[in-house]
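All ligand and atom numbering here is 1-based and tracks the order in the structure.
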Amino acid sequence: MLTKILHTSDWHLGKKLFKESRLDEQKKFLQWLIDTVKTQKITHLLVAGDIFDTPTPPAKAIDLFYNFLKTLSELNTCKIYIIAGNHDSARHLSAPSEFLNKHNIFLIGPLINQGGEFLLDNFNFKLDTELNLFCLPFFRIHEIIWCAEKLGIEEDDENKETSAYFLKCLELIIEKAIKQHSGKNILMTHHLLGSFQSAGSEQGLNLSGLESLPLSMFTSKFEYLALGHIHKPQFIKKANPIAYYSGSPIPLRFSETEEKSVSVLSWDKGELVQEILSIPSFRPLQTLKLTDDNYLNELAEFLERFPNLNALEGFLNIEIELQEARSNMADNIRTLLKDTNWKLVSFIPKLPNKRMNKNFNLDVSTMASTEKMFEIFYNEQFPDSKNIPTKIMKEFRELLEDVQVLEEGVQ
Ligand SMILES: [Mn+2]
């Protein structure tokens with residue numbers, strides 16, 4: 001069978017948009033993917049990281065993932081290679097890998113295995129007689145340095161903290177990997193490469209002061225770089241090698257309006273041919289900007305023009321410019337949406353930019369806590385209200401906790 005590769009990434013199974021589950025869309029995408037593997041006669045599926053949205057995903061997301069693997073492996077025509085991204089728990093993702101290898105499913109987790117070893121063979125795969133795949137899952141800098149030292153890089157204690165030393169270590173690993181087999185090479189990785197455009201829904205990656213990995217490290221060694229992490233599909237380089245972010249299969253935020261796609265690779269007389277296949281939209285996400293005095297008419301007009309014939313209800317993000325605070329707007333909108341195939345998911349009333357009182361000065365150094373600062377800020381914004389409503393205070397505390405968890409995660 002002729003080798004034909006499909007590259008996708010950033011599924012983020014289990015992710016929510018505000019409080020709304022995306023599993024229905026993710027399920028439809030995975031069904032579409034199975035159909036595409038069949039019709040396109042795909043022999044190898046590459047998934048470049050961020051399979052799940054969180055290290056401990058909800059049971060329904062795990063269920064969806066394993067059902068997908070089961071259905072695809074039953075076709076018996078397509079091998080599956082999946083690397084861990086920064087959102088995945090690499091150890092959890094790859095825990096069943098020995099069992100799944102028997103079914104031609106390869107889950108590539110942390111560089112350093114449970115036994116504390118780095119085995120280059122576990123990251124290198126022969127796809128056919130001519131073609132090799134090298135998988136570099138999301139890693140932290142100290143892991144690369146440790147692995148390079150195991151492979152015999154000269155110890156350099158003086159420069160160990162520098163990014164130049166880290167790049168030297170990474171280079172050594174890549175060189176050792178591609179020397180293992182002769183032929184053409186593909187790299188799959190979950191990192192920032194070259195100059196990229198983010199979609200805004202990605203988390204930052206810490207590369208010890210490096211903005212991204214230099215592309216020059218990979219040119220002349222690889223034919224194709226199958227990249228994951230950035231949600232907007234894009235080329236980092238169009239040839240020699242092609243470096244491509246396939247992007248996420250569904251929009252993860254309202255601001256992601258570009259068409260989603262997967263990348264398909266085949267070879268014609270030894271020449272690499274890439275085709276971008278569009279993924280259908282399984283649920284429309286729409287931002288509507290409405291005006292203060294006419295918002296219900298404008299919304300009615302929108303509903304008439306865009307009835308949403310999709311099987312799944314559309315998600316709406318409504319922004320309204322207001323002259324002054326008004327009540328019941330969101331409820332009025334929900335009433336109007338009641339018998340339609342649209343759901344209000346996010347409502348943002350925008351009040352005219354109240355200038356902060358120039359004399360208002362928050363001396364952060366004397367503040368006991370962030371909560372106290374919020375209290376003072378709130379009283380300044382809404383001088384008529386005596387206390388912060390309990391609900392707002394509760395939500396502020398939850399937000400604060402989320403930010404703290406995120407900060408810990410990024411470090
Ligand atoms: Mn990522």
**Item:** Stepwise salt bridge (Lys or Arg N to Asp or Glu O under 4.0 Å) check, Lys350 with Glu321
**Value:** CA-CA 5 Å; Lys350 288 185 174 171; Glu321 301 270 356; 5.0 Å; no

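A salt bridge does not link Lys168 to Glu171: none of the charged nitrogens lies less than 4.0 Å from a carboxylate oxygen. For the pair Lys289 and Glu298, the salt-bridge criterion is not met [side-chain N within less than 4.0 Å of a carboxylate O]. In this structure, Arg140 does not pair ionically with Glu143, as no charged nitrogen and carboxylate oxygen lie closer than 4.0 Å.
Atoms CG and CD1, on Leu33 and Ile279 in that order, are 8.0 Å from each other to the nearest 0.5 Å.
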Scan the side chains in residues 233-248 for donor-acceptor partners under 3.5 Å anywhere in the protein, sequence neighbours excluded, and list what turns up.
from, atom 1, to, atom 2, distance (Å)
Gln234, OE1, Gln197, N, 2.8
Gln234, NE2, Gln197, O, 2.7
Gln234, NE2, Lys232, O, 2.9
Lys237, NZ, Ala239, O, 2.6
Lys237, NZ, Asn240, O, 2.8
Tyr245, OH, His191, O, 2.6
Tyr245, OH, Leu193, N, 3.0
Ser246, OG, Ser9, N, 3.2
Ser246, OG, Ser9, OG, 3.2
Ser248, OG, Ile250, O, 3.1
Ser248, OG, Lys260, NZ, 3.1

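Around the Mn ion (ligand 1), the protein N, O or S atoms closer than 2.8 Å are Asp50 OD2, Asn86 OD1, His190 NE2, His229 ND1, listed by chain and residue number.
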